[in-house]
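In this text the structure is predicted, and so the values were computed from the model without any measurement. Naming convention: chains lettered A, B, ... in sequence-line order (proteins, then strands); numbering from 1 in each chain.
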Amino acid sequence: MDKIFDFKACEAYYNQHWVENNVFKANVNRDKKPFTVIMPPPNITSKLHIGHAFNCTIIDALIRFKRMQGYETLMLPGADHAAIATEAKVVEELKKEGLNKQDLTREQFMERIQNWYDHYSAIICNQFKRLGLSCDWTRFTFTMDDHCKAEVNKAFHRLYKDGYIYQGERMINWCPTCHTALSEIEVEYSEVKRQIWTIQYGPLRVATTRPETLFGDIAVAVNPNDQRYQALIGKSIPLPLTDRTIPVIADETVDMKFGTGAVKITPAHDHHDYEVAERHHLAHIKVIDENGKLFGAYVGKYAGMTVAEARAAVVADLQAQGLLVATKEHVSNVGQCYRCHQTVEPAISKQWFVKMHDLAQPAIAALNNGLNIVPKKFQKIYLHWLNNIKDWCISRQLISGHRIPIEGETDVLDTWFSSALWPFVTLNKNQADFDYFYPTDVLVTAYEIIFFWVIRMVFSGLYHTQQLPFHTVLLHGLVRDSQGRKMSKSLGNGIDPLDIIEQHGCDVLRYSLLFGSRLDRDPNYGDEKITKARYFMNKIWNATKFVLMHKDNTLLVTALESFLKMLHPIAPYITEQIWHELGHDTDLAFEPFPTPVKGSKHWLQTSLNKIIRTITRRYEKYEFGIAANELQQWFWTDFCDKYIEECKPQTKSKPEPVVTPVDNQALAEHYRAEIARSSKMLANTGFLAKAPATLVQQEQEKLARFKELLYNLTGEH
RNA sequence: GGAAGUUUAGCUCAGUUGGGAGAGCAACUGCCCUACAAGCAGUAGGUCAUAGGUUCGAGCCCUAUAACUUCCACCA
C-alpha cells in the first residue's frame, strides 16, 4: 500500500471505469424497487460552481446509499438551455467583438448559441464526471433535444386546447436590456436611493419618483376622503410641460399620508396606476419604448432620450418654469431583471399567459396527499405562493429557446416552461422506462428555485401525467463563504470545486461540503472544512495501513469494512480503493449497506460505537479518531433522519454515557456524585408523587446500584 | 405591512414524545516510544438571547421582548 493516498491516480482510474463501462446505467428490473432522482439540469451559461457541487454531492450520496440498500437507482443528468441567461452571455460575447444582436441574422445568432451550447455542455459533463457522480450517462438529456422540443409542443397544445393558455394585452415587466417580457418572479426588488420630486400640477401638487413619465399621465388621483381635495375631484387640471389637461379622480388606494396625497396616474408604465385606470375606464398613453427610451407624439422634444436622460431634462425644465416645488431623498424598492439586473420597466404588452388558478388547485391539495416537502418550513411558502398565484407570462422576445408552437409566432417560451416538464420528459422516451422509474422519488434542489421550478414541476406533472413527479422535495441552502457571505464575483470569494478536486481530491471536496452542513440552512464553506476533510481522508488511509499490519485480527478488518461501506456514499474513491486493497474484487458501490435500515439506526449506531470503542480499548494508542463519530452522526442524524422519512428511528434510547475513570479515587468520587443526585431526586415528594413510576423506580435502582458499587470499592455507606 | 427561521463553550454547530449541558475546531498541558506531526494523550471553557408562565422537574412546552437572517407584498 502506498505511503499516501494517490487521489489523482485513483480518480482517473475510477472515472474511466465508472463512465466507460456504464457501471451506473439503470435498467428496468422488476425484481428490484427503483429509486430515481433527476438531477437539476444546470444552466448551460457557464461552468459549474460550488453550489452545483453541493447539490450533486447530496444527490449522489443519497443515490449511492440507496444503491447499496439494493434499489435499482437512477440518477439522471442533464443541462438546461436557459434561453434568457445564455442569450445574455452570447450578446456579451458579441459586444466584445463590437457587434450587436441586431447585426446578425437569426440564423447567424442561432449558430452562436449552438456553439455556446456545445462548448459548455462539454465542460459541464466533464465537471459532473470529476465530481464522482454515479449517474447514468446514457440518459443525459438537454432541454433542447428533439424529444424535449416535441414534448414541449405537446404540453403547450394540451394546455391550449384545454383553455389554459391565452394571449392578451396586459401589464408585464419588461427588461430593456434583455429586450423581453419577464414573469413576475423574474423581477427582483432591491432598495435604491432615489429622489422624490414634488411638482405643481395646476392647483395641486403631486409627488413622484418618475417625473419623466408625466407625458403618459391621464389623471391625478386623490383619496375620496381627503378633505383637502374635495373641491377638485372631477375637475380638470393642466399637465405641466404639455398643453394637455387631465382629470382629478378619487380612488381608495391613494394614501393620504404619503407625499402630497395626490398621485399622478400613468397606466402604461406603472402596475398600480394600471389598476386604477382599469377601475376608472381610462385610456393608456405609452411614452417609453422597448429600449427604455421616450417616444411618440406625446413626449415632444424628449423623444429619443433614455429614461435617465429624460428624467434629468424634465426636472430641469420644471425648475426653469417654477413648477418644481421640492426635491427630497427617497429610498424605494426598484424592480430589476433577475438575469442582467437592469431596472425593469412596467409596460403594457401583448403576451402569452398560462391561466394559473385552476392548475394550482391540485398542487395545493398535493401537500396533504403524497407530497412531502422538507424542511417543513417551506410548506407554508409553497402554499402561500400557490394561493396567491398570478397568471404566468410564458412568452419571451428572445431568439433561442423553444419557439411558441403557433403559426407565425416568433416569440419563444420561458425557459421554465420546459423545465417544468423535466421529470417526465427525461423518462418518457420509452414507455418501459417511464412506467418503471416515474414518478421519481426525491427532488433535491436549492430553496431559491421553489417558485421557478419546484412548484411548476408539481402542477405540470399533475396536469400532464396525472401523477406527482416526485414524492419528496429536499430543499437545501446556498453555499456561502466561511464568514457566511454570499459568494460573488465582486467579493472574489468564490471557490471553484474543480480547484479543490485538483488540489486535494474529490473525496475531500465531497466530504467537506457535506460535513457540518445543515441542509436547511445556508452552509458556510471555506478552508477550515477543506483542511478537516483532508485530515480525515488521511486518517482513513493510515488507519487502513494499520489494519493491514494486523490483518490476522479479524475483528479489526470487519470494523474497517463496515466503516468503508458507510463512508462510501460520501467519499466513493478512497473507500473503493481501500476496499480493493483489502483484497476484494467486487465493487464497493454495489456492496450491501451494513444494515437493514428501517428501525435499525440504533443498532448501527451502537454497533459502530462499539467497534470503535473496542478498537480503542484494544489498541489504546490507536483508534480511528473522533471524525468517525462525526461522520456517523452527520450521516445518520442530519442526512437520513431529518430528510428521508423512512430512515427515521422507530424507537428511542439514549446510549449509556461511557465513564472511564482513571483511578479508584476518581471512581469513588463519581459514585458519590451519582448517589447524591439520585438521593436528591428521591427526596423530592413532588417527584415521587407525580413522576412516572418507571422513572422513580429507575432512580431507586440507580441509587441502590451506586451505593453497592461504592461499598465494594471503598467500604463506605 | 405579512410570514418564517435563528439565538447553547472564543468559533461552527449537535442536543429526537420535558427527567443527568455535548462534539469538533481554536486555546492550554504533556508526548517524535513509526499506520498517521495531515499525529497521540489530557485540561480548561456555558445564567442554553432576555423576562415571565406551565410542571415535581424546562435547552426542549406556552406568552412577551430583543437581535440577526430570509421570503412575500407595497411603496406616488
Side-chain angles (χ1 to χ4, degrees), chain A residues 1 3-5 184-185 189 191 196-199 206-211 213 220-221 253-255 258-266 270-273 276 330-334 375-381 384-385 388 447-448 450-451 477-478 482-484 504 515-518 520-524 526 528-529 531-550 601 619-623 625-627 629-630 633-634 637-638 641-642 648-649 651-654 657 662 673-674 677-678 681 684-692 694-696 698-699 702:
Chain A
M1 216 171 147
K3 190 163 162 49
I4 56 162
F5 173 52
E184 93 284 356
I185 44 174
Y189 291 86
E191 291 198 334
I196 186 161
W197 291 277
T198 306
I199 304 168
V206 161
T208 181
T209 55
R210 300 205 57 186
T213 64
V220 168
T253 62
V254 177
D255 183 351
F258 191 94
T260 61
V263 194
K264 67 195 234 16
I265 300 298
T266 321
D270 185 278
H271 292 280
H272 167 260
D273 295 359
V276 174
H330 182 68
V331 176
S332 59
N333 262 353
V334 176
K376 264 206 170 106
K377 65 177 176 181
F378 291 110
Q379 294 185 357
K380 266 197 175 177
I381 293 171
H384 182 262
W385 196 73
N388 295 284
Y447 62 76
E448 64 175 346
I450 185 166
F451 305 139
L478 311 173
S482 55
Q483 295 164 53
H504 310 297
F515 175 73
S517 298
R518 271 180 49 172
D520 61 340
R521 282 192 207 168
D522 290 348
N524 292 358
E528 197 183 309
K529 279 188 176 169
T531 304
K532 214 163 156 179
R534 260 173 50 221
Y535 289 5
F536 183 49
M537 293 306 146
N538 180 65
K539 171 61 80 182
I540 293 161
W541 187 256
N542 285 309
T544 304
K545 285 199 283 183
F546 174 77
V547 169
L548 287 173
M549 285 170 60
H550 303 79
K601 178 197 161 191
Y619 301 93
E620 272 179 307
K621 281 176 66 179
Y622 310 111
E623 60 161 319
I626 290 305
N629 288 314
E630 286 178 11
Q633 183 175 331
W634 174 80
T637 306
D638 293 344
D641 269 10
K642 287 190 181 149
K648 278 193 173 167
T651 56
K652 182 199 164 194
S653 71
K654 259 190 185 164
V662 283
E674 292 293 345
R677 182 183 163 277
S678 289
M681 271 182 93
N684 183 339
T685 51
F687 176 72
L688 292 175
K690 296 196 176 174
T694 51
L695 201 68
V696 176
Q698 244 176 56
E699 216 51 51
K702 214 179 278 180

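In this structure, A:Lys380 reaches the B:rA4 phosphate: one of its side-chain N or O atoms is under 4.0 Å from OP1 or OP2.
When each of B:rA35, B:rG19, B:rG20 is scored by its nearest atom to the side-chain atoms of A:Lys702, the top-ranked nucleotide is B:rG20. Of the listed nucleotides (B:rC56, B:rG20, B:rA4), B:rA4 has the atom at the smallest distance from the side chain of A:Lys377. Picking from B:rC25, B:rG39, B:rA35 the nucleotide with the shortest atom distance to the side chain of A:Asn542 gives B:rA35. Out of B:rG20, B:rA38, B:rC56, the shortest distance to the side chain of A:Arg677 is found at B:rG20. Taking the side chain of A:Arg521 as heavy atoms from C-beta on, and the options B:rC56, B:rU7, B:rG39, the nearest nucleotide is B:rU7.
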* Please assess A:Glu528 against A:Lys532 for the test side chain to side chain contact (heavy atoms under 4.5 Å, CB included), listing each intermediate value before the final yes or no. => CA-CA 6 Å; A:Glu528 197 183 309; A:Lys532 214 163 156 179; 5.5 Å; no

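Between the C1' atom of B:rG39 and the NZ atom of A:Lys545 lies a distance of 12 Å, rounded to the nearest Å. Between the CE atom of A:Met1 and the P atom of B:rA35 there is a distance of 14 Å, given to the nearest Å. B:rG39 atom P lies 14 Å from atom CD1 of A:Ile4, rounded to whole Å. Here B:rG20 presents its C1' atom at 15 Å from CG of A:Asn684, a figure rounded to the nearest Å. One can place NZ of A:Lys529 at 12 Å from C1' of B:rG24, the figure rounded to the nearest angstrom. We find that NZ of A:Lys532 is positioned 11 Å from P of B:rC13, with the value rounded to whole Å. Rounded to an integer number of Å, the gap from OH of A:Tyr535 to C1' of B:rA38 is 5 Å. When rounded to the nearest whole Å, the span between CE of A:Met537 and C1' of B:rG39 equals 17 Å.
Counting any heavy atom pair closer than 4.0 Å across all strands shown, A:Ala689 reaches no nucleic acid atom. Residue-level contact check: A:Ile450 touches neither bases nor backbone, having no heavy atom under 4.0 Å from any strand. Base contact: A:Val254 has a heavy atom under 4.0 Å from a base atom. Note on A:Phe258: a base of the nucleic acid sits closer than 4.0 angstrom, heavy atoms only. Residue-level contact check: A:Asp273 touches neither bases nor backbone, having no heavy atom under 4.0 Å from any strand.
Under the ring pair (Phe, Tyr, Trp, His ring centres under 6.0 Å) criterion, A:His330 pairs with A:Phe258, not counting sequence neighbours. Residues that satisfy the side chain to side chain donor-acceptor pair (under 3.5 Å) test with A:Lys545, not counting sequence neighbours, are A:Asn542. Under the rule for a ring pair (Phe, Tyr, Trp, His ring centres under 6.0 Å), the partners of A:Trp541 that lie at least two apart in sequence or sit in another chain are A:Phe5. Remark: A:Ser678 engages A:Glu699 in a side chain to side chain donor-acceptor pair (under 3.5 Å) (not counting sequence neighbours). Applying the side-chain contact (heavy atoms from CB on, under 4.5 Å) test to A:Ile4 and every residue at least two apart in sequence or in another chain returns nothing. Not counting sequence neighbours, A:Phe687 has no partner by the ring pair (Phe, Tyr, Trp, His ring centres under 6.0 Å) test. In this view, A:Arg210 and A:Glu212, A:Glu345 satisfy the salt bridge (charged side-chain N to carboxylate O under 4.0 Å, His left out) rule, not counting sequence neighbours.
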Check: protein-nucleotides 68-74 of chain B nitrogen or oxygen pairs below 3.5 Å:
residue	atom	partner	partner atom	Å
B:rC74	N4	A:Asn333	ND2	2.5

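B:rC61 and B:rU16 have their C1' atoms separated by 15 Å, given to the nearest Å. With C1' as the reference atom, B:rU70 and B:rA51 are 27 Å apart, rounded to whole Å. B:rG20 and B:rU29 have their P atoms separated by 35 Å, given to the nearest Å. Comparing the C1' positions of B:rU54 and B:rA64 gives an interatomic distance of 15 Å, to the nearest angstrom. Comparing B:rC11 with B:rG46, their C1' atoms are spaced 14 Å from each other, to the whole Å. For B:rA49 and B:rG59, the P atoms lie 10 Å apart once the distance is rounded to whole Å. Rounded to whole Å, the P atom of B:rA73 lies 38 Å from the corresponding atom of B:rG18. Nucleotides B:rU43 and B:rA58 place their C1' atoms 31 Å apart, quoted to the nearest Å.
With A:Lys264 as reference, A:Thr213 is the one residue of A:Asp270, A:Ile199, A:Thr213 to meet the side chain to side chain contact (heavy atoms under 4.5 Å, CB included) rule.
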* Asked: Pairing of RNA chain B as dot-bracket, 5' to 3': ( ) intra-strand, [ ] crossing, | other strand, . unpaired, with Watson-Crick or G-U pairs under 3.5 Å?
  -> (((((((..((((.....[..)))).(((((.......))))).....(((((..]....))))))))))))....

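In this structure, A:Trp197 and A:Val206 have side chains that are not in contact, with every pair of non-hydrogen atoms separated by 4.5 Å or more. Residues A:Trp385 and A:Ile185 form a side-chain contact, since some pair of their non-hydrogen atoms from C-beta on lies under 4.5 Å apart.
In terms of position on RNA chain B, the residue among A:Thr685 and A:Met681 whose nearest nucleotide sits closer to the 5' end is A:Met681.
Between the side chain of A:Lys529 and the main chain of A:Ser482, no donor-acceptor pair closer than 3.5 Å is present.
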